[in-house]
There are 2 protein chains.
Amino acid sequence: MSDHPLQSKSVENFLKAVYALQEGDDRVATNTLSDVLNKTAPSVTDMAQRLESAGLVDYQKYRGVVLTEAGREIALKVIRRHRLIELYLVRELGYQLHEVHGEAEDLEHAVSDRFVEAIAKKLGDPVIDPHGDPIPSADGTLLYRHLMPLSELEPGRGGVIAQLKTSDPEMLQHMLDRGFPLQGRVEVIARDPFQGPTMALVNGIQRVVGYHVAECILIETSP
Amino acid sequence: MSDHPLQSKSVENFLKAVYALQEGDDRVATNTLSDVLNKTAPSVTDMAQRLESAGLVDYQKYRGVVLTEAGREIALKVIRRHRLIELYLVRELGYQLHEVHGEAEDLEHAVSDRFVEAIAKKLGDPVIDPHGDPIPSADGTLLYRHLMPLSELEPGRGGVIAQLKTSDPEMLQHMLDRGFPLQGRVEVIARDPFQGPTMALVNGIQRVVGYHVAECILIETSP
DNA sequence: CGGTAGTGTTCGCTCATTCTAACATAAGAA
DNA sequence: TTCTTATGTTAGAATGAGCGAACACTACCG
């Protein structure tokens, strides 16, 4: 079942990265992938060519890659695994939010479909992972929410913290340290210009956070 | 932490196999390993040489391998992982006994120490896995029990089924089908000669099982 | 003691994944 | 448009993991 011909850790990570970087129909540059995957550019080009001939991506010399339908399916499956595992680690095994990414990164390539569906069931078929990312359903459907970065919310506007968009454990920890937990009610008070810090009320307490971090705090806005 | 230089799936499986085959100080033949691991003989020799120079086994040309202390440590760690995972799958995720081996076989190479200790804790630091095998403790200690194969128990003698010593899901299922569950109280009634079937009472019900299967049903004997 | 059957090793290759160094192309500045 | 810098690609090599075919060693039989 999960023994497709080309299904190694590197392939899965490659497809996952392409999926993440490819908004809409934009082609993803090999060098961008090389950064994200921490591989040298030639390695990426090579993988792109191999996956092209496996029918998982459409690769064109000097023009980057896009996922084919087959590639997208695998990417979504891997993402489903990843996010379910993260949630499972938090809910069942007492992991802290900042610890789960690394662990899931390895496990997602080792678990069977049987395992994934067992934990999904145990968790009650969740659609949101502990970072607030949507969990693709088994058939590849994603919950859609219109979220805005905290950094773009006008003073006076507010909502609920819906997603902490970073896989860097340090940044995640920083967000929590600064008092921006998932599900927190937030209202922007002010923002300094020139990409300065944002001041906000979170659950009634005044908080401050830098611009680049605020970009990664996504808000489900309320009127 | 778990990023030792040479720690791949193949290495871990190799060490695990050597551990399992090496009773006492006997050297393990490369061809025996080649059978167990489902690899060709040259592959095994090759691995033996690589692990020799990594200091994990003592390999001597034409004389097979034995684990070094370092190799034994890794083997025990992998076995601990494997057995804890099996128990976890049964207890927490509703797996059937015959399903766990395969899944654990993959997961054991992907989980972190953090994960292993989290499930160990959740399970209450168990010392026996769902097949009745002892689970090595974190520092490598194994519960010792003196067990006898059902096939060697004289008629009239009995005890408790302590271990189902097979990793073949089919055989495992067969044992359960024939009415020999772990923890069952068993008393041998009779045995046919020439490696014939054993007749026994299990939890008061009369059961029959073939010789080769009875060899794999281990009994904690009572007087 | 010598020869053969069986066991174990070496050789030479392949594939996947990665790297560095050298080359090629595209795109914007002049 | 030409040139330069950015960005990408090929070439060539290494490593880990395997394989089949050919060779080497052991051990036992006579």
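Everything quoted here is computed from the prediction, not taken from an experiment. Lettering of chains follows the sequences in order, A, B, ..., and the numbering in each one begins at 1.
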Exercise for the section: Would you classify D/dA6 as syn or anti? Syn applies when the glycosidic angle is within 90° of 0. Expected result: syn
Fill in the blank from the handout: Walking DNA chain C from its 5' end, the first of A/T40 and A/K61 to be reached, judged by nearest nucleotide, is A/T40
Completion exercise
A/L33 CG to C/dT18 C1', in whole Å, measures 16 Å
Exercise for the section: Quickly work out the B/R50 CZ to D/dA17 P distance and round it to whole Å. Expected result: 5 Å
Practice task
Choose from D/dG8, C/dG8, D/dC19 the nucleotide whose nearest atom is closest to any side-chain atom of A/A29.
Solution key: D/dG8
Problem - Aromatic ring pairing A/Y95/B/F115, orientation class (parallel under 30°, perpendicular over 60°, tilted between) - result: tilted
Exercise for the section: Could you please name the option among C/dC19, C/dT17, C/dT9 that lies closest to any side-chain atom of A/S43? Expected result: C/dC19
Exercise for the section: Look at all strands and tell whether B/T30 reaches a base, only sugar-phosphate, or nothing, counting heavy atoms closer than 4.0 Å. Expected result: sugar-phosphate
Completion exercise
Per atom distances to the B/P42 side chain, the nearest of D/dC19, C/dT18, C/dT20 is D/dC19
Problem - Side chain of A/S8 (C-beta onward), nearest among C/dT17, C/dT20, D/dA17 - result: C/dT17
Handout entry: Watson-Crick or G-U wobble mate for D/dT1, both contacts under 3.5 Å
Key = C/dA30
Completion exercise
B/Y59 OH to C/dG8 P, in whole Å, measures 10 Å
Exercise for the section: Answer with base, sugar-phosphate or nothing: what part of the nucleic acid does A/D46 contact at a heavy-atom distance below 4.0 Å? Expected result: base
Problem - Nearest-angstrom distance from the residue atom CD of A/Q60 to P of C/dA24 - result: 22 Å
Exercise for the section: Starting from P on C/dT18, measure out to CG on A/L51 and report it in whole angstrom. Expected result: 11 Å
Practice task
Using a strict 4.0 Å threshold on nitrogen-to-oxygen distance, state whether A/E117 and A/R80 make a salt bridge.
Solution key: yes
Handout entry: Electrostatic pair A/K16:A/E108 at N-O distance under 4.0 angstrom
Key = yes
Practice task
Classify the nucleic acid contact of A/F14 as base, sugar-phosphate or nothing, counting any heavy atom under 4.0 Å across all strands shown.
Solution key: nothing
Completion exercise
Quick note, B/N31 side chain, CB onward, closest among C/dG8, C/dT17, D/dT10 is C/dG8
Fill in the blank from the handout: Winner on side-chain proximity to A/Y62, out of D/dT9, C/dG8, C/dA16, is D/dT9
Handout entry: Donor-acceptor contact below 3.5 Å, side chain A/E103 vs main chain B/S112
Key = yes
Practice task
Check A/H98 against A/P169 and note the closest heavy-atom contact, atom names and distance.
Solution key: O-CB, 3.4 Å
Problem - Most 5' of A/K9 and B/G64 on DNA chain C, judged by nearest nucleotide - result: B/G64
Problem - Strand partner of C/dT25, provided both Watson-Crick or wobble distances fall under 3.5 Å - result: none
Completion exercise
Here the distance between atom C1' of D/dA17 and atom CD of B/Q49, to the nearest Å, is 14 Å
Practice task
Measure the shortest side-chain to side-chain distance between A/L56 and A/R50 over non-hydrogen atoms and say whether it is less than 4.5 angstrom.
Solution key: no
Practice task
Could you check how far NE2 of A/H109 sits from P of C/dT17, rounded to whole Å?
Solution key: 12 Å
Fill in the blank from the handout: To the nearest angstrom, the CZ-P distance between B/R27 and C/dT7 comes to 18 Å
Practice task
Tell me which nucleotide among D/dA17, C/dC11, D/dT9 gets nearest to the side chain of B/S10.
Solution key: D/dA17
